[in-house]
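Heads up, the thing below is written out as structure tokens.
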Amino acid sequence: MKRREFITIVGGAAAWPLAARAQQPIPTIRFLHSQSPEALADALPGFRQGLKEAGYSEGENVAIEYRWAENQLDRLPALAGDLVRKGVAVIVAGGGSATPLVAKAVTTAIPVVFNVGDDPVKLGLVASLSRPGGNLTGVNFFAVELTAKRLELLRELVPGAARVAVLVNPANPADSEPIVHDAQAAARAMGLQILVLEATSSKEIDAAFATLARERPDALLVGTGPPLTARRVQLAQLAAYHKIPAIYGLRQNVEIGGLISYGASLRAAYRQVGIYSGRILKGASPSDLPVVQSTNAIPDSMGFPWGMIREPHSSPHG
């Protein structure tokens with residue numbers, strides 16, 4: 001055999017493993033969200049950062065397919081069912097509690113990493129925070145559970161307040177009902193009256209503020225979740241126009257003109273979602289990954305960075 005032929009053969013053999021690896025399919029994450037890409041523009045970089053920290057880069061060694069319900073919660077079951085039929089390594093479920101609840105209903109086998117604003121044990125997503133026990137785990141960033149604290153801050157902001165309006169989305173009762181319940185309980189303790197308003201669309205938000213103009217409450221607490229998050233510009237403009245002090249659950253509301261927010265960083269929460277997604281791709285089981293919780297939230301009226309998170313070592317839920 002001639003020397004040049006031998007070198008060609010050896011060189012080709014060395015390239016075989018590389019070619020084989022290049023042809024192997026990369027894992028796919030399906031990102032299911034109740035809102036739109038625009039609504040999550042500030043948080044998605046956090047998700048990609050978390051994936052990178054776990055060793056994965058979109059388009060290189062992991063593919064991400066996005067499914068957006070565009071604030072139409074009735075589209076979620078069909079979108080989730082489509083993901084399951086196509087097969088997937090991990091499902092990321094965000095945008096309120098409705099998304100992971102739908103994901104749980106359609107699959108007990110595919111790992112699901114959620115990001116929710118209420119207690120995932122109470123929602124029935126996991127058996128406990130420290131031991132999820134099924135195919136779901138993720139992040140609880142306390143969007144709903146801080147309702148009473150937001151009401152306290154409104155009272156400090158408007159010391160003479162006697163009546164506070166609470167705006168929620170009735171189409172998502174898993175999020176809206178706890179907010180109303182907690183607001184009413186906190187209001188009784190503070191001697192405040194609560195006016196509950198509901199809105200599921202831009203038109204209904206306009207109607208809610210028309211009611212505010214007639215009823216003239218002293219302040220406004222805006223609930224979380226779609227479509228209220230997606231309509232944050234409209235909310236900030238209407239609150240300014242009607243000169244009513246309003247508090248929100250997310251920093252994004254302040255960044256576009258809202259007065260004050262109190263809650264955990266959505267971007268930091270999605271960073272942890274990315275980390276957990278990467279750990280599952282490497283073989284970790286959701287049942288062994290404790291739910292991560294926000295542990296620090298401060299009022300934000302000037303864009304302060306915040307949002308610390310922790311993994312629970314123990315909790316009232318086990």
Side-chain angles (χ1 to χ4, degrees), residues 34-36 38-44 46 71 95-96 117 141-159 161 163-169 172 175-176 179-180 182-183 186 192 194-213 215-270 294 296-307:
S34 63
Q35 299 182 44
S36 65
E38 293 77 18
L40 211 63
D42 295 333
L44 274 178
N71 301 308
F141 64 100
F142 293 134
V144 174
E145 291 147 302
L146 292 175
T147 298
K149 183 62 179 179
R150 294 186 190 110
L151 199 60
E152 292 177 14
L153 287 171
L154 269 182
R155 183 67 177 271
E156 293 179 19
L157 189 68
V158 189
R163 195 174 184 218
V164 175
V166 178
L167 179 63
V168 294
N169 170 26
N172 190 9
D175 287 341
S176 62
I179 291 174
V180 172
D182 291 355
L192 296 173
I194 291 293
L195 170 65
V196 178
L197 301 173
E198 299 180 337
T200 60
S201 65
S202 178
K203 183 178 180 180
E204 290 181 359
I205 290 174
D206 286 338
F209 273 87
T211 301
L212 285 177
E215 298 290 337
R216 303 196 64 79
D218 301 301
L220 170 65
L221 187 153
V222 179
T224 59
L228 299 180
T229 304
R231 303 291 182 183
R232 55 188 179 274
V233 173
Q234 179 186 7
L235 289 167
Q237 291 176 343
L238 286 171
Y241 177 80
H242 290 283
K243 299 180 180 180
I244 183 166
I247 190 168
Y248 309 87
L250 296 175
R251 175 179 174 175
Q252 285 88 333
N253 293 89
V254 173
E255 291 173 340
I256 50 81
L259 177 62
I260 186 171
S261 68
Y262 187 88
S265 166
L266 194 60
R267 182 165 180 157
Y270 272 104
S294 305
N296 185 35
I298 62 174
D300 188 348
S301 58
M302 299 180 64
F304 298 120
W306 41 264

Exercise. What pair of heavy atoms forms the shortest contact from G96 to D175, and how long is it?
Worked result: CA-OD2, 3.6 Å
Exercise. Where do N172 and N169 land on the side chain to side chain donor-acceptor pair (under 3.5 Å) test, with the steps shown first?
Worked result: CA-CA 6 Å; N172 190 9; N169 170 26; over 6 Å; no
Exercise. Judged by atom type as modelled, is there a donor-acceptor pair below 3.5 Å linking the side chain of R232 to the main-chain atoms of T229?
Worked result: yes
Problem set entry | Non-hydrogen atoms of L151 and L221 that approach each other most closely | N-CD1, 3.9 Å
Exercise. Just by modelled atom types, is the S202 backbone N or O under 3.5 Å from a matching donor or acceptor in the Q234 side chain?
Worked result: yes
For this session: Identify whether the distance between the nearest side-chain nitrogen and carboxylate oxygen of K149 and E152 falls below 4.0 Å.
Result: yes
Exercise. Any side-chain heavy atom of L157 within less than 4.5 Å of one from L259?
Worked result: yes
Exercise. Looking at A236 and I256, what are the two nearest heavy atoms and their distance?
Worked result: CB-CD1, 3.7 Å
For this session: Heavy atoms only: give me the nearest V166-A183 pair and the separation to one decimal.
Result: CG2-CB, 4.0 Å
For this session: Supply the atom-to-atom distance D182 CG to L146 CG, rounded to the nearest 0.5 angstrom.
Result: 10.0 Å
Exercise. Quick one: CG on L44 to CZ on R267, what's the gap to the nearest 0.5 Å?
Worked result: 9.5 Å
Problem set entry | L235 and L167, any side-chain heavy atoms less than 4.5 Å apart | yes
Problem set entry | Minimum heavy-atom distance A268-S265, with the two atoms named | N-OG, 3.1 Å
For this session: Could you check if a side-chain atom of L197 sits within less than 4.5 angstrom of a side-chain atom of F209, using non-hydrogen atoms only?
Result: no
Exercise. With a 4.5 Å heavy-atom cut-off, do V164 and L220 have their side chains touching?
Worked result: no
Exercise. Is there a donor-acceptor contact under 3.5 Å from the side chain of R163 to the main chain of E215?
Worked result: yes
Problem set entry | Spatial distance of atom CG (D218) from atom CD1 (I244) [nearest 0.5 Å] | 8.0 Å
Exercise. Considering all heavy atoms of both residues, which atom of G223 and which atom of L228 are nearest to each other, and what is their separation?
Worked result: O-CD1, 3.7 Å
Exercise. After noting the C-alpha distance and the side-chain angles of F141 and L266, does the key distance pass the side chain to side chain contact (heavy atoms under 4.5 Å, CB included) rule?
Worked result: CA-CA 8 Å; F141 64 100; L266 194 60; 3.9 Å; yes
